[in-house]
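Note on naming: letters A, B, ... go to the chains in the order of the sequence lines (proteins, then strands), and numbering restarts at 1 for each one.
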2 protein chains.
Amino acid sequence: MADAALVELAKRRGFFFGSNGAYGGTAGFYTFGPQGAALKRNVESAWRDRFTLQEGNREIESPTVMPEPVFEASGHLETFDDMLVECGECGDSHRADHLVEDATDVEDAEALPAEEVETLIRDHEIACPACGSPLAGRDVEDFNLMFATDIGPGDGQRGYLRPETAQGIFVEFPRLKEYARGNLPFGITQIGPAYRNEIAPRGGLLRLREFTQAELEQFIDPETDDPPLERVTDVEVRLYPAAEQTKPDGDYRHTTVGEAVADGTIGSPWVGYYLGVAMEWYERIGVDLNRFRFRQHLAGERAHYAADCWDAESEVDGDWIEIAGFAYRGDYDLSKHDAYGDDTFTVFKRYDEPKTVERATVDPDMSVLGPAFGGDAAAVADALETLAERDPEAFAAETVAVEVDGETHEVDADVAGFAVEEVTETGEHITPHVVEPSFGVGRTVQTLLAHAYETDEVDDEERTYLSLAPEVAPRDAAVFPLVTSDERLTALADRVAADLRAAGLAVSYDDSGSIGRRYRRQDEVGTPFCVTVDRDGIETDGAETVTVRERDSAAQVRLPVDELAGELTRLLSGESFEALTDRYETVETDVETN
Amino acid sequence: MADAALVELAKRRGFFFGSNGAYGGTAGFYTFGPQGAALKRNVESAWRDRFTLQEGNREIESPTVMPEPVFEASGHLETFDDMLVECGECGDSHRADHLVEDATDVEDAEALPAEEVETLIRDHEIACPACGSPLAGRDVEDFNLMFATDIGPGDGQRGYLRPETAQGIFVEFPRLKEYARGNLPFGITQIGPAYRNEIAPRGGLLRLREFTQAELEQFIDPETDDPPLERVTDVEVRLYPAAEQTKPDGDYRHTTVGEAVADGTIGSPWVGYYLGVAMEWYERIGVDLNRFRFRQHLAGERAHYAADCWDAESEVDGDWIEIAGFAYRGDYDLSKHDAYGDDTFTVFKRYDEPKTVERATVDPDMSVLGPAFGGDAAAVADALETLAERDPEAFAAETVAVEVDGETHEVDADVAGFAVEEVTETGEHITPHVVEPSFGVGRTVQTLLAHAYETDEVDDEERTYLSLAPEVAPRDAAVFPLVTSDERLTALADRVAADLRAAGLAVSYDDSGSIGRRYRRQDEVGTPFCVTVDRDGIETDGAETVTVRERDSAAQVRLPVDELAGELTRLLSGESFEALTDRYETVETDVETN
């Protein structure tokens with residue numbers, strides 16, 4: 001649609017642009033200009049409000065650089081790879097799987113072994129997209145997508161820029177559970193940079209090497225914790241289940257969260273709950289729901305440990321792009337860190353009633369074992385203890401066989417001192433399961449811009465405007481003196497801008513060019529309200545007045561300066577502009593008066 | 001003072017703690033827990049409000065990874081070093097300058113050449129602080145403090161984690177000036193991570209390898225742009241000028257911003273302006289002004305290009321720590337990028353009136369130069385043009401001498417076609433100067449915690465509390481049901497918490513332990529107001545009521561649930577708690593009633 005025009009507008013008006021242009025640019029890195037940074041921050045604040053504050057979750061902030069052992073545990077060191085092929089002629093790097101998918105009818109080349117991809121490149125005579133040289137015979141390698149660095153001088157520690165904010169949460173679980181006083185369920189969120197050293201970054205905010213994630217890790221007891229599903233049970237969603245995607249005439253299911261969980265379309269109530277919360281949130285920030293869907297992962301897309309996965313997808317320029325993922329990750333993350341780390345990644349789950357359980361123990365007679373086994377006696381005693389825990393039945397026989405250093409020893413059962421005791425247990429250590437809603441902030445920003453981009457005609461001139469929701473629009477209002485030649489106007493405009501800022505509004509001030517040009521500039525960055533100080537407003541008897549213009553309708557009212565901050569605050573919290581046109585004098589559009 | 005106790009509290013209550021504890025910890029990296037992340041975010045929001053929104057400045061967000069040429073231009077690649085000495089025995093790395101300063105009476109070892117530091121280590125028999133082996137004979141090297149990484153696969157580009165957020169602003173100046181439509185002055189801000197690969201990180205938030213900066217780059221025309229000094233002229237400041245620091249009985253100057261700028265104590269009005277703004281801001285967020293000062297850099301501390309530099313310093317545990325710097329950086333940053341980068345880092349400054357200037361030109365007669373100089377003719381013509389610009393007087397003689405490739409050629413003056421034209425110029429290209437207020441966010445957080453840490457006695461028990469300003473406190477309020485055994489109480493408490501969250505408040509909910517313990521927990525994280533739902537509140541005829549307790553005084557009032565959100569919002573915007581005790585029934589402290 002508005003692709004090229006929107007990218008041009010994004011750059012010209014300060015939403016975003018490729019970084020380091022003065023140094024030839026750096027592929028995969030974008031800078032958010034003043035408008036884009038404000039829009040992005042507003043999206044983050046709205047996310048924080050919904051997914052942290054309203055849910056009673058807790059937000060943390062952990063470093064972007066993390067040491068290697070974390071990623072040995074998480075699996076990123078081993079598996080966070082893409083398939084790389086370098087051209088022998090020009091040296092350009094390419095995603096081998098993408099080349100194969102483009103040139104053949106293979107659909108998921110990433111799942112193939114490297115040798116098979118090499119064969120496909122040779123058999124299909126695939127050439128370097130940069131220089132046209134044949135790539136046959138070139139090695140296809142796994143390229144790890146983490147940015148590596150060294151922490152400290154000399155033999156310091158290898159570190160990586162985190163590939164997801166989530167690891168900064170998982171790795172601190174032993175402390176975070178203390179803040180929750182050991183009680184499940186609890187949720188931890190984080191918003192911040194994540195990194196992926198892409199082989200071939202794409203344009204725009206779509207596939208960057210540095211990007212912002214907003215992630216929520218919901219820790220639950222899978223046996224007892226249910227989400228507050230009733231809050232979102234009636235939320236309507238457009239689902240694209242895996243089964244529909246593989247049918248020739250597959251279609252969307254228009255249903256509610258409650259129904260989709262009840263009939264098993266959504267496998268996990270927790271995933272269903274957060275799909276509902278996300279749906280409400282996307283509507284609130286201005287995503288066009290006709291260009292939005294939840295798509296279930298196909299079996300082959302999911303990580304082996306993920307029981308059910310859904311993506312939020314938005315339509316941008318005719319393509320569906322992933323803007324968030326919702327995964328039931330089971331105990332994968334915490335049990336990996338429990339195995340690799342030197343701390344406890346479980347919680348103690350207290351039983352409602354203490355339980356009495358039988359526990360087998362041994363108390364070997366060392367005065368017999370000593371002479372019989374010499375230096376191995378202690379090891380034999382340990383082996384008996386282990387055997388008692390694992391297979392108490394073995395002690396029913398007359399002799400018990402245990403293995404020490406590959407050698408089997410026979411021990412008289414009565415020498416082992418075998419007994420079964422009754423023990424009272426108050427609870428057990430369990431590894432919480434994780435439900436992870438994970439949002440791409442930049443992709444959300446890109447979606448909002450694409451869905452807000454509108455053109456119409458005002459005063460016989462074509463106009464472009466962004467119909468952004470006031471909650472996320474970069475500025476709340478703009479203030480203009482109609483002309484700068486009259487000091488009374490500029491003085492009042494200065495005061496109005498300062499008052500609005502003091503009232504907490506984000507305000508632009510613009511005094512350059514015709515008033516029509518200034519309205520157009522604000523329309524293009526989505527400022528919901530423009531305040532103009534004109535002569536009529538200061539020359540009237542009584543209170544000073546200004547005009548307020550609403551972006552989408554271009555309608556205007558005149559209201560007293562004293563009422564301005566209050567009225568704008570109400571408009572920004574959702575009051576309709578019509579309510580103002582009822583109470584105040586409307587103004588005929590004066591776009592071209594100057 | 002409260003050092004050890006505060007660090008313990010910070011960890012126990014979720015303000016901050018060393019990262020990656022389960023993997024042995026990673027020196028120089030800290031994670032902000034739920035309370036600390038909220039406090040830090042509130043500090044950032046307050047900074048944004050004051051230094052971006054209220055000032056009409058613009059905030060951007062640029063990547064943390066930047067390519068090498070940026071740091072060749074900025075000078076970081078060459079000079080962002082510390083002096084490193086490694087122990088030959090245990091391999092530990094140390095700051096050589098710090099070892100020398102500790103063992104000798106040298107005060108600024110960093111300024112010495114490496115050989116001299118090596119000599120001092122040998123002569124003073126300085127040993128490794130880790131293992132005690134002598135360091136004599138070990139090389140002292142410059143260690144660059146930037147974290148390096150590689151962007152992209154193969155022969156990709158070398159990149160670095162930015163050592164300051166400022167470079168992300170400077171490098172995009174050519175575009176940022178367009179957003180300001182070429183008009184000076186304008187200010188650009190950025191809040192985000194910066195990195196410094198310290199040789200020897202210190203504890204706490206003081207010297208980290210990853211930290212958060214809030215920086216403002218104010219671009220000005222040094223000839224014409226003045227700050228709005230009148231806004232802060234009466235702000236009182238405690239200054240520690242360079243001259244006082246070198247006197248044996250040097251002392252603070254208690255003065256106002258206006259006076260200090262007028263008498264030249266503060267060299268730049270722009271620096272003075274931002275010292276005033278910062279002073280007001282530090283007071284607003286709760287810095288103890290009796291433990292705060294502005295210290296001027298000594299001549300030796302300043303970068304050569306910095307005309308005047310002041311640090312904001314706070315007293316924490318008996319030490320003065322730098323929490324912000326204010327530097328007049330001249331045109332250093334932009335002229336370096338103008339020289340190294342492939343874009344224009346100047347602005348066009350329009351004259352009030354077009355100026356008519358004389359410009360010398362030549363129009364050489366090539367029909368004479370050609371035969372006379374052959375292949376050199378064009379070069380001779382170019383040399384004549386250059387000479388006309390640089391030294392028009394030379395054309396007054398009969399012949400003019402120019403040099404081409406080391407050879408001198410004589411040309412008849414009349415063949416050169418020399419003339420002086422009158423040209424009308426509408427303006428000139430100037431390189432803006434930069435004034436840079438640069439804040440350490442983590443150090444500000446540490447200062448606020450240290451200055452807010454208080455102990456007193458309530459109900460005959462010692463209590464610890466953080467008297468944080470409500471604007472920055474991690475939570476606005478906490479909600480407790482007095483007991484969980486009564487469902488009417490928990491239901492109302494749930495509703496109260498949800499209502500307050502919907503009103504935009506950050507709310508904790510706590511139902512575990514005695515009410516006294518819950519108050520203490522909230523006191524320790526600085527929650528300004530605790531709301532308790534008790535039986536009296538639901539068993540009264542008429543409206544439901546709750547108690548509200550103010551943190552510092554531990555005083556309580558009882559008020560209707562319907563009034564709660566409004567009253568709390570007013571309290572959080574600065575209304576005093578006494579105003580409530582006048583209007584509502586006060587409650588005797590019931591800390592130990594449960």
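The contact between B/Q54 and chain A is made by backbone and side chain atoms together, counting heavy-atom distances below 4.5 Å. Contacts of B/L84 with chain A are made by side-chain atoms alone, with heavy-atom separations under 4.5 Å and no backbone atom involved. Interface remark: B/L208 contributes no atoms to any contact with chain A (heavy atom separation under 4.5 Å). In this structure, the portion of B/F345 lying under 4.5 Å from any heavy atom of chain A is its side chain and not its backbone. In this structure, the portion of A/R175 lying under 4.5 Å from any heavy atom of chain B is its side chain and not its backbone. Neither the backbone nor the side chain of B/F16 comes within less than 4.5 Å of any heavy atom in chain A. Neither the backbone nor the side chain of A/L145 comes within less than 4.5 Å of any heavy atom in chain B. Proximity to chain A is limited to the side chain of B/Y195, based on heavy atoms less than 4.5 angstrom apart. In this structure, no portion of B/R50 lies under 4.5 Å from any heavy atom of chain A. For A/D150, the part sitting under 4.5 Å from any heavy atom of chain B is the backbone (N, CA, C, O) and nothing else. Contacts of A/R196 with chain B are absent, with no heavy-atom separation under 4.5 Å from either backbone or side chain. The contact between B/F147 and chain A is made by backbone and side chain atoms together, counting heavy-atom distances below 4.5 Å. Proximity to chain B (any heavy atom under 4.5 Å) is shown, for A/T64, by both the backbone and the side chain.
Comparing A/L176, A/T344, A/D49, A/I151 by how many heavy-atom pairs each has under 4.5 Å with chain B, the most go to A/I151. Contacts with chain A were tallied for B/S45, B/S512, B/G168, B/A73; B/S512 has the most, counting heavy-atom pairs under 4.5 Å. Taking B/P201, B/P63, B/A200, B/G341 one by one and counting their heavy-atom pairs under 4.5 Å with chain A, the maximum is reached by B/P63. Heavy-atom pairs under 4.5 Å with chain A peak, among B/F211, B/Y509, B/Y30, at B/Y30. Listed options B/P174, B/G56, B/G159 were ranked by heavy-atom pairs under 4.5 angstrom with chain A; first place goes to B/G56. Top candidate by heavy-atom pairs under 4.5 Å with chain B, chosen from A/S62, A/S93, A/P153, is A/P153.
Atom CD of B/Q157 is separated from atom CG of A/N20 by 8.0 Å, given to the nearest 0.5 angstrom. We find the CZ-OG1 distance between A/R41 and B/T52 to be 7.0 Å, quoted to the nearest 0.5 Å. The CZ atom of B/R13 sits 11.0 Å away from the CD atom of A/E178 when rounded to the nearest 0.5 Å. To the nearest 0.5 angstrom, A/R475 atom CZ is 7.5 Å from B/R58 atom CZ.
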Run the numbers on A/R181 and B/D510 for side chain to side chain contact (heavy atoms under 4.5 Å, CB included), then give the verdict.
CA-CA 11 Å; A/R181 288 196 290 287; B/D510 190 355; 2.7 Å; yes

Stepwise side chain to side chain contact (heavy atoms under 4.5 Å, CB included) test for A/T26 and B/V65
CA-CA 10 Å; A/T26 313; B/V65 176; over 6 Å; no

Taking it one step at a time, do B/T212 and A/E61 satisfy side chain to side chain contact (heavy atoms under 4.5 Å, CB included)?
CA-CA 11 Å; B/T212 301; A/E61 187 177 317; 3.9 Å; yes

Could you please spell out the steps behind the side chain to side chain contact (heavy atoms under 4.5 Å, CB included) verdict for A/H337 and B/Y23?
CA-CA 9 Å; A/H337 284 298; B/Y23 293 93; 2.7 Å; yes

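Crowding of B/R350 atom CZ: a count of heavy atoms from other residues, nucleotides or ligands under 6.0 Å not exceeding 12. Annotation for B/D342: atom CG does not count as buried by contact number, only 12 or fewer foreign heavy atoms lying within 6.0 Å. Remark: A/R158 CZ is packed, more than 12 non-hydrogen atoms of other residues, nucleotides or ligands lying under 6.0 Å away. Heavy atoms of other residues, nucleotides or ligands lying less than 6.0 angstrom from NZ of A/K336 number more than 12.
Nearest heavy-atom pair, B/V171 versus A/A22, reported as atom, atom and distance to 0.1 Å: O-CB, 4.3 Å.
Within residues 33-40 of chain B, the residues having any heavy atom closer than 4.5 Å to a heavy atom of chain A are B/G33, B/P34, B/A37, B/K40, listed by residue number. Within residues 497-506 of chain B, the residues having any heavy atom closer than 4.5 Å to a heavy atom of chain A are B/R501, B/A502, B/A506, listed by residue number.
Shown here are the side-chain hydrogen bond (donor to acceptor under 3.5 Å, both in side chains) partners of B/R48, two or more places apart in sequence or in another chain: B/E59. In this structure B/R138 satisfies the salt bridge (Lys or Arg N to Asp or Glu O under 4.0 Å) test with no other residue, sequence neighbours excluded.
Annotation: side chain of B/F17 is in contact with side chain of A/E172 (closest heavy-atom distance under 4.5 Å).
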